[in-house]
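Read the structure below first, then the notes.
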Amino acid sequence: MYIVNGIAYAGEQSPILRVSGVRPLDNFRLWVRFNNSEAKIFDFKPLLNTPAFSPLSDLNIFRSVYIDYGIPTWNDGSIDIAPEILYEKGESTGGVSIA
């Protein structure tokens with residue numbers, strides 16, 4: 001059991017998921033390392049048609065990704081994506097890291 005803001009929850013509290021490393025790859029994919037030591041590859045192509053992420057279809061903007069407080073961010077903070085989405089929808093790298 002754990003308590004947050006005066007509310008008791010059953011089970012163990014999960015640590016907040018953060019991105020600790022990110023690299024743009026070919027074909028609008030991101031290699032992402034998380035604070036739990038796992039690494040995944042996330043395919044951005046399906047999101048490029050949505051209004052929120054359409055600016056990332058410009059390869060130069062896509063490659064300008066950086067981490068701001070554990071969150072992958074682009075365009076001076078006007079575009080970001082939740083680490084939980086990258087983790088849930090990303091494919092495991094099987095222990096392979098990008099040098």
Side-chain angles (χ1 to χ4, degrees):
M1 180 173 78
Y2 62 97
I3 298 174
V4 176
N5 296 329
I7 300 172
Y9 296 90
E12 296 295 319
Q13 185 174 13
S14 302
I16 295 174
L17 192 61
R18 300 272 186 224
V19 171
S20 58
V22 65
R23 291 209 179 108
L25 302 174
D26 291 338
N27 211 15
F28 295 99
R29 295 177 305 138
L30 281 183
W31 175 88
V32 185
R33 184 178 56 239
F34 299 91
N35 60 336
N36 65 1
S37 300
E38 290 186 59
K40 296 196 175 194
I41 294 178
F42 183 82
D43 184 0
F44 248 96
K45 285 187 302 293
L47 297 178
L48 296 177
N49 293 325
T50 63
F53 296 109
S54 63
L56 300 182
S57 61
D58 179 330
L59 197 52
N60 290 324
I61 293 174
F62 182 78
R63 288 183 176 159
S64 70
V65 64
Y66 63 96
I67 300 169
D68 190 18
Y69 294 100
I71 299 171
T73 306
W74 295 263
N75 249 10
D76 295 325
S78 65
I79 302 171
D80 63 26
I81 188 164
E84 294 82 6
I85 297 296
L86 299 173
Y87 188 82
E88 292 169 13
K89 306 281 184 181
E91 292 186 29
S92 177
T93 62
V96 176
S97 69
I98 305 295

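All residue numbers refer to positions in the sequence shown, counting from 1.
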field: Co-members of Met1 in a cluster of I, L, V, M, F, W and Y side chains, linked at under 4.5 Å
entry: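 Under the 4.5 Å side-chain rule, Met1 groups with nothing.
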- request: Share the residues that join Val4 in a hydrophobic cluster, the rule being Ile, Leu, Val, Met, Phe, Trp or Tyr side chains under 4.5 Å apart at the heavy-atom level.
  value: Tyr2, Ile7, Tyr9
Can you list, pair by pair, the side-chain donor-acceptor contacts under 3.5 Å of residues 36-43, counting residues two or more places apart and other chains?
unit_1, atom_1, unit_2, atom_2, d
Asn36, OD1, Glu38, N, 3.0
Asn36, ND2, Glu38, OE2, 3.3
Glu38, OE1, Tyr87, OH, 3.2
Glu38, OE2, Tyr87, OH, 2.5
Lys40, NZ, Tyr87, O, 2.9
Asp43, OD1, Lys45, N, 3.0
Asp43, OD1, Lys45, NZ, 3.0
Asp43, OD2, Lys45, NZ, 3.1

Show me the side-chain donor-acceptor pairs of residues 60-79 shorter than 3.5 Å, one per line, residues at least two apart or across chains.
unit_1, atom_1, unit_2, atom_2, d
Ser64, OG, Ile61, O, 2.6
Tyr66, OH, Gly77, N, 3.1
Thr73, OG1, Ile71, O, 2.9
Trp74, NE1, Phe62, O, 2.9
Ser78, OG, Asn75, O, 3.0

ILVMFWY network linking Ile85 to Leu25, side-chain heavy atoms under 4.5 angstrom: no
query: For the hydrophobic clusters of this structure (ILVMFWY residues joined by side-chain heavy atoms under 4.5 Å, transitively), does one cluster hold both Phe28 and Val22?
result: yes
Heavy-atom side-chain contact between Trp31 and Arg33 under 4.5 Å: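 A side-chain contact exists here, since the closest heavy-atom pair is under 4.5 Å.
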What heavy-atom pair brings [X] and [Y] nearest, and what distance separates the two atoms?
| X | Y | result |
| --- | --- | --- |
| Pro51 | Ser54 | O-OG, 3.3 Å |
| Phe53 | Leu47 | CB-O, 3.4 Å |
| Val19 | Pro83 | CG2-CB, 4.0 Å |

task: Using side chain to side chain contact (heavy atoms under 4.5 Å, CB included) as the criterion, list what pairs up with Ala52, not counting sequence neighbours.
output: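 Ala52 satisfies side chain to side chain contact (heavy atoms under 4.5 Å, CB included) with no residue once adjacent residues are dropped.
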task: Could you pull out all residues at least two apart from Glu88 that satisfy side chain to side chain contact (heavy atoms under 4.5 Å, CB included)?
output: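 Only Glu84 meet the side chain to side chain contact (heavy atoms under 4.5 Å, CB included) criterion with Glu88.
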